[in-house]
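Right, I'll just put the structure down here and ask away after.
Lettering of chains follows the sequences in order, A, B, ..., and the numbering in each one begins at 1.
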Protein chains: 2
Amino acid sequence: MSKVTLKDISKILGISTSTVSKALKNYSDINVETKLKVQELAKKLNFTPNAFAQSLRSRETKIIGILVPELVHHFFSNVIDGAIHEAEKHGYLVIVLQTHECYEDEIKQLKLLVDKNIDGILLSLSDKTVKYDHIKNIIDEGMPVVLFDKITHLIDCPKVIINDRKAAFSATEHLIKTGCKKIAHITGPLKPKTTIDRFMGYKIALETYNMPFDKSLIYTSENLFFEDGYRLAGQMMAEHPDIDGVFAFIDLVAIGVLKGLREQKIKVPKQVAVIGFSNWLMSKTTTPSLTTIDQPGYDMGKQAFQLLLKNLNQKREGKVFTSEIVEIPTRVVVRKSTNAIIDNS
Amino acid sequence: MSKVTLKDISKILGISTSTVSKALKNYSDINVETKLKVQELAKKLNFTPNAFAQSLRSRETKIIGILVPELVHHFFSNVIDGAIHEAEKHGYLVIVLQTHECYEDEIKQLKLLVDKNIDGILLSLSDKTVKYDHIKNIIDEGMPVVLFDKITHLIDCPKVIINDRKAAFSATEHLIKTGCKKIAHITGPLKPKTTIDRFMGYKIALETYNMPFDKSLIYTSENLFFEDGYRLAGQMMAEHPDIDGVFAFIDLVAIGVLKGLREQKIKVPKQVAVIGFSNWLMSKTTTPSLTTIDQPGYDMGKQAFQLLLKNLNQKREGKVFTSEIVEIPTRVVVRKSTNAIIDNS
DNA sequence: ACATTTACCGAAAACGTTTTCGGGGTTATT
DNA sequence: AATAACCCCGAAAACGTTTTCGGTAAATGT
C-alpha cells in the first residue's frame, strides 16, 4: 500500500541504501551485477523515488508556477497550454494561478508560489499593477521569473512579448490600404502598456499615411466586454456617420461592433470595415468572419518556459540571471470584415 | 539570500529548534515570553517553513492535480477556474495537465501526478479511454480521485456530473414546444458516455411527445469543429429540406450550423431553429444569438474539489473513501436562434 | 522537610534521498 | 614481498521540520 523506499529494497537485497541509490543512478563504482539486481527489483516493486526527499536534498521541485490575469480567456489558456507542454518536455509540472486583474491578489498568489519553493515563475502582470517591488523582491531572493505579454520594462528579467505597437500599426495600415478614410479606434483599460502601445500603433499608422488624427474617434472599453463593442457601435455611428473603419482593441469587442453595425443595417465591410486583435477562436465563426491580428499564445507560453529554463540552469551553475527579451511575430489574418486590398499599380 | 530556517532562529536566540518549532505553532508547553521572542524574530527574518521538509514529514503536499482533455476550451477552463479557487480557499495549489483526448497521455500524466506525491486528483476522462485499470490502480493505492463531466460508473469514486440525458431532453423539448416538427441531431464522437446520453435525451424527448424517430436525422461530428457544423448544415438541408430544428452536441458546431444556414438563405429561427449545448462565451455574440444549455463549469470544478477534500479528510483519519455523486443542474438559455414558446392554453 | 505537581525546554528520531569519503579486499606492478 | 592501483561497497551526514519523551528546576502540597 504505502510507497516502496530505497530502504525496502536495500533490506531485501541485504545491501545498503547508498548502494541501491547509486545502482539506480548508474554510478560507475557499483558492480554491474549488483546494478542489475537492484534495477530489476526496483522495477518489480514499482519503486519511484520520493519527490519530497529529493526536493529537500536537491532544493529543486521540478515544479514551476504560472500566474495570469484570467484563465478563462482564449489567449491566456493558449499561453498556459504552450507553457505546460514545453515544461513537461523538460520534466517540469505547472501550477496555475490567477490574479483576476487584482494587485493584491498578484502579491498573494506570488507569495503562495514562493513559499512552495517552486523552481520558477511565469508571470503576466495584472492591469492594476503599477508598483513592482513585490516582483523585484522575489527575483532578488533568487527566484527565476519570466514576464510575458503584460510586462513592464521596469523589471530586469527575461520577457516574452509581442510588439503591440507594430501589430496595431499593421492592423490600421490594413484598413488604410483597403480604402478606409476615417478610422475609429476602440481602446482598452487605460493603464496597461498594451493599451498605450496599440493606441500608438494606430496613431503612427495614421501619421505615416498622412491621415488626420482625430481624438474624438477614440472610444474606450474599460472591461473589454462584447456588450461594450455593441454599445459603442451605436455611439460611434451617431457621432461620426462617415466612419468607414474600426480597429478594436480585442476580438470580443470587435464582434460586439459587428453585431451593433448589423442592427443598424450598416454593411460590413462595404460601409464600415472592422478589424480586431488576438484571433480568438470565435473570430472565424462570425458573419462576416473577422479580420484580426494573430497573437500566438501557444508560442508565447513555450518561449516563456524556455527562457525560464535558461535561468534555472544559470542558477544551478551559480551564474547570474539573463534578461533576454523575445519578441513573437504577429500577423494580420485577413477575413471578410475588411475589404480586399486596393492595387494602385 | 537563502531561506531562513528554524535552526537559524534557534541559534540567534540560543534555544533549540524544537522550541522554535513549537513556539511558532503555539504549543502549550512553551513560555509566553519565549513564544513572543521567537514569533517576532521569525516575522522579522521573514521565516517561512520549508515546504519539502514539511511534506516529507507530514506526507502531504497541499497540492492537487487536475487532468482535463483540453485546457483551451471554454467549459474546461471554467472547471479549472472553479477548482483552483475552491482549492486555494483551503490552502491547496493546483497542477494542471491535459490528455488531448489520448489514452496513453492519460496514463502518462496520471503517473506524473502520482509520482509527485500530490494529495489528490480531479479527472475528466479522455474520449478514447475505455479501460480503467490505470485509474482503479491509483485509487487502490490510496490516492483520492474525483471524476467530473467525462466519467464512467465503472470506477468507484466521487463524481460530479451534469445529467446529460435530462439536459438533452430539455433542449429537444424546447424545440418541440416552440413548434419544431422535424428535428435533426448532430452528435459527437461515438464512444463517450456524454455522446450517448445526449443522444438518448433527444430520442426520449421525441418519444415523449409522440414524434417519429428517424435515424437519418442523426449526423455526426467526430472532432466537434466549427467547420463540421458548417458542412453538415448543407448536407442536412440537402437530404431533408423540411428540417425545422437542429439540436447540436456543442455550441461550436451549432454556430457552424448557423453560418451554413445563413449562406443558404435559410432563416433562423423562422425556418430552422437551432439549439446548442454548453453556453460558451461566443454563443451570445452570434446573429442570431444562440439558444443553448448552460453547463456550469465553474460550479463543477468547485464541487469536484469539495468532494476531493472530503476524501482527503477521510484519508487523514484512516477512514474509507466515500463515493458521493453530485449532479449539477443545467438549464435552457433561451436566445434568438429558437422561436418563442407556443402557448396552447 | 520531603514529596509531588507544574512549567518549560531540549535531545533525538523520523520522513527518504543523495553524495562524499574512506575502508577492505583483490589484482597488478616493481 | 612490498607497494601501488583498482574495484566495490557502506557509514554517515545533510536537507528542514515535527513530535515524542524525558529531564531539570521551581512551585506547590502535606
Side-chain angles (χ1 to χ4, degrees), chain A residues 1-39 41-42 45-63 91 114-119 142 315-316, chain B residues 1-39 41-42 45-63 91 114-119 142 315-316:
Chain A
M1 190 61 60
S2 66
K3 285 286 190 112
V4 179
T5 70
L6 289 184
K7 204 192 280 181
D8 297 333
I9 297 182
S10 74
K11 271 185 192 158
I12 295 176
L13 295 178
I15 56 182
S16 76
T17 60
S18 343
T19 306
V20 176
S21 174
K22 286 191 281 191
L24 291 172
K25 310 198 101 195
N26 234 339
Y27 270 52
S28 61
D29 65 341
I30 302 293
N31 189 305
V32 187
E33 288 178 30
T34 329
K35 274 186 197 173
L36 282 180
K37 266 196 303 188
V38 171
Q39 285 163 3
L41 185 61
L45 298 182
N46 238 316
F47 168 80
T48 51
N50 182 300
F52 314 144
Q54 284 183 319
S55 295
L56 183 57
R57 236 202 151 249
S58 66
R59 323 191 123 289
E60 282 188 345
T61 45
K62 295 282 181 181
I63 295 176
V114 170
D115 287 352
K116 271 279 181 246
N117 281 314
I118 57 164
D119 296 343
K315 184 176 179 181
R316 197 176 295 119
Chain B
M1 191 65 58
S2 67
K3 286 288 191 107
V4 178
T5 70
L6 289 183
K7 204 194 281 182
D8 296 333
I9 297 182
S10 74
K11 271 186 191 158
I12 295 176
L13 295 179
I15 56 183
S16 76
T17 60
S18 343
T19 307
V20 176
S21 174
K22 286 190 280 191
L24 290 173
K25 310 199 98 192
N26 235 337
Y27 270 53
S28 61
D29 65 342
I30 302 294
N31 188 305
V32 187
E33 287 178 32
T34 332
K35 276 187 197 171
L36 282 180
K37 266 196 301 186
V38 171
Q39 285 163 1
L41 186 60
L45 297 183
N46 237 316
F47 168 81
T48 51
N50 182 302
F52 313 144
Q54 283 182 319
S55 295
L56 183 57
R57 202 150 197 293
S58 66
R59 320 190 126 291
E60 283 189 344
T61 47
K62 292 285 182 178
I63 295 177
V114 171
D115 287 353
K116 270 283 180 238
N117 281 313
I118 57 163
D119 295 344
K315 185 175 178 180
R316 196 175 298 118

Which pairs, with at least one residue in residues 30-39 of chain B and sequence neighbours excluded, count as a side-chain hydrogen bond (donor to acceptor under 3.5 Å, both in side chains)?
B/Asn26-B/Lys35
When the rotation axes relating C1' atoms of four end pairs to the next four are compared across the helix from C/dA1-D/dT30 to C/dT30-D/dA1, five pairs an end, they differ to 10° by 60°
Distance, nearest 0.5 Å, that separates CG of A/Asn46 from CG of A/Leu41:
11.0 Å
Write down the distance between CG (A/Leu56) and C1' (C/dC15), rounded to a whole number of angstrom.
9 Å
Quick check on contacts: within residues 31-39 of chain A, what sits under 4.0 Å from DNA chain C by heavy-atom distance?
none
Could you give the distance from CZ (A/Arg59) to CZ (A/Arg316), rounded to the nearest 0.5 Å?
14.0 Å
For each nucleotide in nucleotides 17-23 of chain C, reading 5' to 3', give B when a protein heavy atom comes within less than 4.0 Å of its base, S when such contact involves only the sugar-phosphate, and - otherwise.
BBBB---
With sequence neighbours excluded, tell me which residues meet side chain to side chain contact (heavy atoms under 4.5 Å, CB included) with A/Ser58.
A/Glu60
Set of residues satisfying side chain to side chain donor-acceptor pair (under 3.5 Å) with respect to B/Thr61, sequence neighbours excluded
B/Asp119
For C/dG16, does either OP1 or OP2 sit under 4.0 Å from a side-chain N or O belonging to B/Arg59?
yes
Just how far, in rounded Å, is C1' of D/dC9 from CG of A/Asn26?
16 Å
Can you name the side chain to side chain contact (heavy atoms under 4.5 Å, CB included) partners of A/Ala53, sequence neighbours left out?
A/Asn50, B/Leu56
To the nearest angstrom, the CG-C1' distance between B/Leu13 and C/dG10 comes to 15 Å
Tell me, please, which residues at least two apart from A/Asp29 pass side chain to side chain contact (heavy atoms under 4.5 Å, CB included).
A/Lys22, A/Tyr27
Contacts of B/Asn117 that satisfy side chain to side chain donor-acceptor pair (under 3.5 Å) - sequence neighbours left out:
none
Using the test side chain to side chain contact (heavy atoms under 4.5 Å, CB included), find all partners of B/Thr48 that sit at least two apart in sequence or belong to another chain.
A/Lys111, A/Asp115, B/Lys3
Quick one, A/Ile30 and A/Val38 - any side-chain contact, counting heavy atoms below 4.5 Å?
no
